[in-house]
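Residue numbering restarts at 1 for every chain, and letters A, B, ... go by the order of the sequence lines. All values below come from the heavy atoms of this structure, side chains included, with hydrogens, waters and symmetry mates left out.
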Amino acid sequence: MKKNFMLTLMALFVFFTMVLSVSSISAADKEIKIGTFLSITGPASFLGDPELKTLQMYIEEINKKGGVNGNKLALYHYDDGGKSQDATEAVKKLIKKDRVDVILGGTTSGTSIAVIDIVEQEQIPFISMAGSIQIVDPVKKWVFKTPHTDKMAVEKIFEDMKKRGFTKIALISGDGGFDKSGHAQCVALAPKYGITLVSDEFYGNSDTDMTAQLTKIRSADAQAILNFGFGKAPAIVTKNIRQLDIKLPLYQSHGVASKDFLKLAGDAANGIRLPAAPLIVAEQLKDSDLLKKPLLDYKTKYEAKHGEISTFGGHAYDALMIAVKAIEKTKSVDKAKIRDEIEQIKDFPGTAGMFNMSATDHMGLALSSFKMVEVVNGNWKIVE
Amino acid sequence: MLQNIFQFLITGLTVGSTYALIALGFTLIFNVSHVVNFAQGEFVMLGAMAAIFFSGLKMPLFLAIILAIILTTFIGILFEKFAIERAKGASLTSLIIITIGASIFFRGLALVLWGKNTLSFQHFSGENPIRFLGATILPQHLWIISLTAIVVTVLAYFFSKTLFGKAILACSYNNKASKLIGINVNLMLVVSYGISAGIGALAGALIAPISYMSYDAGTMLGLKGFCAAILGGMGNSFGSVLGGLILGVVESMTSGIFSSAYKDAVSFIILLLLLFVRPQGLFGKGVSERV
Amino acid sequence: MNDINILIAKSLIKNFGGVSAISDVSFAIKKGQVFSIIGPNGAGKTTLLNMLTGVYKIDSGTIHFNGAEISKFPPYKISNLGINRTFQNLQIFKNMSVLENVMVGCYNKGTSGLISSLFYLPNVWKEEKQIRQWAIEALDFCGLSSLIKKDAAVLPYGDLKRIEIARSLASDPTLLLLDEPAAGLNDKETMELLPLIKKIRDTGITVGLVEHHMGLVMEVSDAVLVLNFGSKLAEGNPLEIQRNKDVIAAYLGG
Amino acid sequence: MKRRAGFFVFATVLLILPLIFKDSYFLTVTGTTALFNACLAISLNLFMGFSGQVSLCHAAFYGIGAYSNAVFTTTYHFNPWISTIAGLFITGSISFILARPILKLKGHYLAMATLGLGIIIHIFFVQADNITKGPDGISGIPNLMFGKINIKGDATWYYMASLLTIFYTWLSLNLLDSRTGRALKAIHDGETGAQVSGIDTDKLKADVFVLTAMMASLAGSLLAHKEGFISPESFNLQFSVELLTMIVIGGLGSIFGSLFGAVFLTSLPEFLSKFEDFEMLVYGLILIATMIFMPQGLYVGISRFFTGILKKLIKKDE
């Protein structure tokens with residue numbers, strides 16, 4: 001017993017030593033280090049996946065063209081599995097082990113919010129790819145983000161509802177971070193638009209059937225249904241609504257702005273309205289629109305390599321390009337300078353719209369950059 | 001209101017029958033080896049993904065499903081041969097960890113083969129809802145319910161009337177004695193893992209049109225199936241089916257009548273209370289230690 | 001030897017799912033006796049023992065021990081009152097050493113609780129030493145000193161049976177119930193059991209013995225109770241039992 | 001008392017590791033997480049490995065501790081230590097009330113019941129937005145203070161985690177060598193045998209359930225301050241299952257096994273991340289292979305492996 005014990009301790013020690021020596025290999029300098037942590041596995045993996053592919057694709061392209069200010073870009077990437085604790089660990093590693101110059105990422109709002117304290121403390125520019133308004137409101141010195149906020153999505157939807165004269169709506173949302181945060185915005189903003197929530201239902205994001213909740217909604221006196229969620233659940237909600245023969249107009253959030261959703265929901269998706277980044281309707285933009293060319297550029301490049309685009313990959317493109325632009329301008333990798341330059345970004349045409357950052361706005365998108373789209377014959381169409 | 005309650009009931013029964021079908025797979029493996037197979041949900045996922053893949057190759061639906069079931073059955077057999085059987089002398093807990101490892105492995109396999117996206121599958125016979133007393137039901141639901149009924153009947157026949165089925169049951173009652181009277185216990189294990197995987201695959205192919213499928217969707221389905229099996233009394237096929245139906249109805253009733261945010265919590269509270277009153281599930285045999 | 005009844009059982013009844021296992025059995029055990037319960041297979045001997053020790057709940061009837069009613073007590077309470085037992089199929093703790101097994105037997109004599117054990121307060125330290133001592137003594141008493149350091153899992157059946165006796169003795173019982181101590185033992189081992197039981201009795205412990213081995217029973221018992229199909233067939237001293245016609249018929253017929 | 005010698009060696013090694021590997025982020029970041037997991041594994045092992053019960057709600061108790069500190073310090077501005085005590089109290093009460101009815105269950109039914117309890121608590125973390133802030137979690141949790149000393153930074157937290165691990169190991173070793181510890185092991189090997197030896201098994205099982213739940217809660221309270229941010233997915237069923245895997249992979253019923261399992265499974269993804277999409281595949285295979293080739297767990301398995309090599313070497317010398 002005693003002998004075994006000592007041997008095991010020795011084994012433990014050897015194991016530790018091996019582990020530690022492997023982990024302390026450091027990379028060559030002179031590179032501009034871009035750090036990123038994304039949800040490559042876990043429930044948000046279908047968002048994290050296009051994000052990573054986009055970053056890899058563009059960094060390769062930039063490097064082929066000679067890099068930024070003559071220096072190559074190097075990507076340091078960790079998977080957080082959608083877990084906030086893993087995200088904070090990843091960010092610590094990015095800062096202290098890899099010593100990156102700027103951090104992009106945070107696929108979900110949860111993982112992004114989780115690392116805010118660290119990036120603020122360590123003073124490193126951080127551009128999130130997640131939706132929640134909490135990330136940039138109140139403004140934090142080192143934190144930026146590229147997607148539209150959930151608040152904007154709700155405002156866009158409520159504006160459209162107001163235009164169509166809906167005052168009583170039913171809300172159904174999932175139990176994830178995106179869903180709950182959107183739900184909170186709906187509840188908070190409804191009175192401002194003269195809207196009453198006559199029904200407020202929830203489902204689990206891995207549920208397979210929502211007819212019970214929708215049956216309840218059916219007997220509430222609503223004029224329209226709003227579903228706040230992402231992943232497969234909104235597609236099931238859409239199909240269940242058709243199954244129950246509910247004729248009310250259906251609104252979805254920007255969380256489903258992908259071709260995948262259209263594929264899943266099939267014919268049932270026709271007539272759905274949702275706010276979306278202009279990327280998915282790039283072809284329909286007026287030729288005079290400054291966004292059209294860069295959007296189509298991204299679209300052709302991504303689709304040539306990886307298939308269907310999604311707005312999520314677009315958020316990664318925006319984040320990377322904003323960082324690159326700032327670094328180009330400062331001609332250094334001084335973190336404080338990069339941060340200042342990001343805050344100065346003006347008229348940058350990204351996939352989500354025209355970015356105009358400022359000291360009070362660390363997202364820089366106007367509500368007008370969001371497009372209200374309707375599904376017509378299985379495709380997106382801009383609602384004028 | 002009455003009409004609503006009827007719809008909740010119908011919803012509960014349709015969702016419940018998918019739980020029941022998954023629970024049956026648990027029961028089968030549990031019966032022979034007393035192992036709770038944590039990879040059962042992954043069999044369901046693999047079956048669905050394989051069916052979607054085959055039908056994507058322009059195969060007729062029926063053939064795609066059959067091929068998916070055969071493939072998953074084969075995977076189940078390989079799993080038994082190369083993992084469970086190899087772990088001779090391992091305790092029950094170690095075996096359960098092996099099934100947990102397998103569930104992660106199968107998820108990883110599906111991820112590599114079919115990617116991270118959620119995939120859809122065609123409904124077997126259209127999507128036009130059938131109206132019945134003010135409630136609606138999809139043709140696919142009828143497929144699920146009737147095939148669950150068929151599987152239960154076939155299994156009941158298999159275990160009570162065929163020699164092979166009786167031999168499997170014998171292993172579950174007394175492993176050593178079965179060996180002594182010349183039953184090939186290893187073969188029985190292989191067969192039950194195979195059948196279990198096959199039933200899982202069938203469940204997956206049936207559910208996929210309604211709930212879609214992705215590489216990580218099996219875990220939650222497996223969990224619900226496990227709940228159903230426990231609720232009915234572990235090891236009892238009939239109990240599993242009833243457990244599944246009850247679980248489905250409780251879930252849909254709670255989300256319809258009480259609170260949809262806490263529906264899973266309410267279902268679990270009911271399950272806990274039931275176990276406090278009946279520690280062996282609804283139809284389980286009481287366990288008594290012989291001294 | 002005196003005439004005080006240490007245990008009195010009255011009209012005990014136990015059914016299993018409608019099948020009667022014990023029906024209306026009454027008896028008394030006198031202090032300092034060796035009291036044997038015999039009967040053919042399935043007569044309900046072990047069931048009766050399980051009822052006396054609280055392992056089975058009794059359906060009706062009463063059990064008094066040292067004047068107190070214990071009919072509805074859980075096993076641990078009965079054990080703490082001074083009734084200990086061994087098992088026909090063994091209840092050895094397989095993941096422990098022989099010494100630890102017997103130390104578990106001393107549980108009722110200790111007082112340290114969960115919290116004091118966690119922090120190993122001085123009283124735990126002292127108690128540990130004492131318990132170890134008691135356990136070693138009990139092993140010595142049963143002639144098992146050589147096995148102290150062995151793991152229980154690797155030992156032969158005969159040794160395990162004696163370890164169970166040692167474990168029971170370690171709790172200083174007033175009444176020790178032995179459930180078929182000779183079952184599965186060879187002749188030599190059985191004959192070694194005889195002096196041990198006598199030695200136990202001589203220390204003043206009352207012994208209840210459930211046994212098949214007639215030679216052993218007749219040699220060691222002061223009183224014998226015969227069960228058949230869950231009912232009392234006869235009661236008396238060994239000589240009376242040997243001559244009882246019903247008993248002979250039951251054994252030959254059974 | 002042999003165990004004591006090993007314990008001191010272990011404690012010393014743990015505390016001097018950062019002096020040998022200075023500025024190792026693997027040690028202070030992953031290592032700290034591994035030690036937190038080790039604390040959970042050690043406490044779970046008391047309940048499962050020693051007493052032979054099953055629990056799939058350990059992560060939930062960990063979560064109650066974490067949430068208690070997060071909520072009380074941010075919303076109500078309590079002192080962190082008072083919040084910790086509140087967390088212990090809440091966990092203690094919940095586990096105490098539920099211990100008796102739940103522990104009446106056996107085997108798979110017990111697993112199901114604890115799994116259900118864990119899920120119910122997790123749903124509360126997700127859905128009770130007004131208290132727990134929902135899935136987005138709670139941020140801005142203040143630093144822990146020892147009097148005037150502010151506990152922050154990875155290295156400091158490494159030491160905190162080490163001390164907690166050493167403390168928990170010490171408690172478990174003590175318990176093992178005592179009357180109560182033996183009674184626990186007796187329950188594991190045979191409940192009837194334990195009962196007739198005078199052990200009130202129902203009470204003891206309940207006591208240990210409460211104790212281990214509170215140990216998890218204490219670790220959770222500290223975690224909240226270490227992270228400064230917590231959210232529900234750190235305390236879900238998946239994590240409970242992972243803890244179970246740790247103690248079985250390490251070796252059920254062995255304290256150092258649990259430690260080993262926790263360190264192994266926490267650092268494994270670190271090396272597997274190179275496999276990218278194949279990571280899960282490899283991770284699953286490693287779990288399966290470990291159980292096939294070392295059914296008794298890594299602790300026993302590796303010990304045997306080294307003893308084997310040592311024996312061969314000795315033979316060669318002769």
Within-4.5 Å side-chain heavy-atom neighbours: [X] and [Y]:
X	Y	result
B:Thr93	D:Val54	no
D:Leu287	B:Ile104	yes
B:Phe105	D:Met280	no
B:Lys116	D:Asp277	yes

Measure distances from D:Ala128 to the heavy atoms of chain B and classify the residue's part below 4.5 Å as side chain, backbone, both or neither.
-> both
Please state whether the side chain, the backbone, both or neither of D:Leu237 comes within less than 4.5 Å of a heavy atom of chain B.
-> side chain
Identify the heavy atoms of [X] and [Y] that sit nearest to each other, and give their distance.
X	Y	result
D:Ile292	B:Phe82	CD1-O, 3.6 Å
D:Met112	B:Cys227	CE-SG, 3.2 Å
B:Phe30	D:His108	CE1-CE1, 3.0 Å

[X], part contacting chain D, at a heavy-atom distance under 4.5 Å:
X	result
B:Val112	side chain
B:Leu109	both
B:Leu231	neither
B:Leu271	side chain

B:Pro279 backbone acceptor or donor facing D:Tyr109 side chain under 3.5 Å = no
Is the side chain of B:Ser94 donor-acceptor paired with the backbone N or O of D:Met291 at a distance under 3.5 Å, no angle test?
-> no
More than 12 heavy atoms from other groups under 6.0 Å of [atom1] on [X]:
X	atom1	answer
B:Phe276	CZ	yes
D:Gln238	CD	no
D:Phe278	CZ	no

Can you measure from CD1 (D:Ile120) to CG (B:Asp264) and round to the nearest 0.5 angstrom?
-> 10.0 Å
Rounded distance (nearest 0.5 Å) linking atom NZ of B:Lys263 with atom CD1 of D:Ile123 = 8.0 Å
Most contact-rich option vs chain D, by heavy-atom pairs under 4.5 angstrom, among B:Ile98, B:Ile230, B:Leu272, B:Leu111, is B:Ile230
Among the listed options B:Thr219, B:Leu95, B:Leu223, the residue most often paired with chain D at heavy-atom distances under 4.5 Å = B:Leu223
Among D:Thr245, D:Leu117, D:Ile121, residue most engaged with chain B (heavy-atom pairs, under 4.5 Å) | D:Thr245
Ranked by heavy-atom pairs below 4.5 Å to chain B, first place among D:Leu115, D:Val282, D:Leu281 goes to D:Leu281
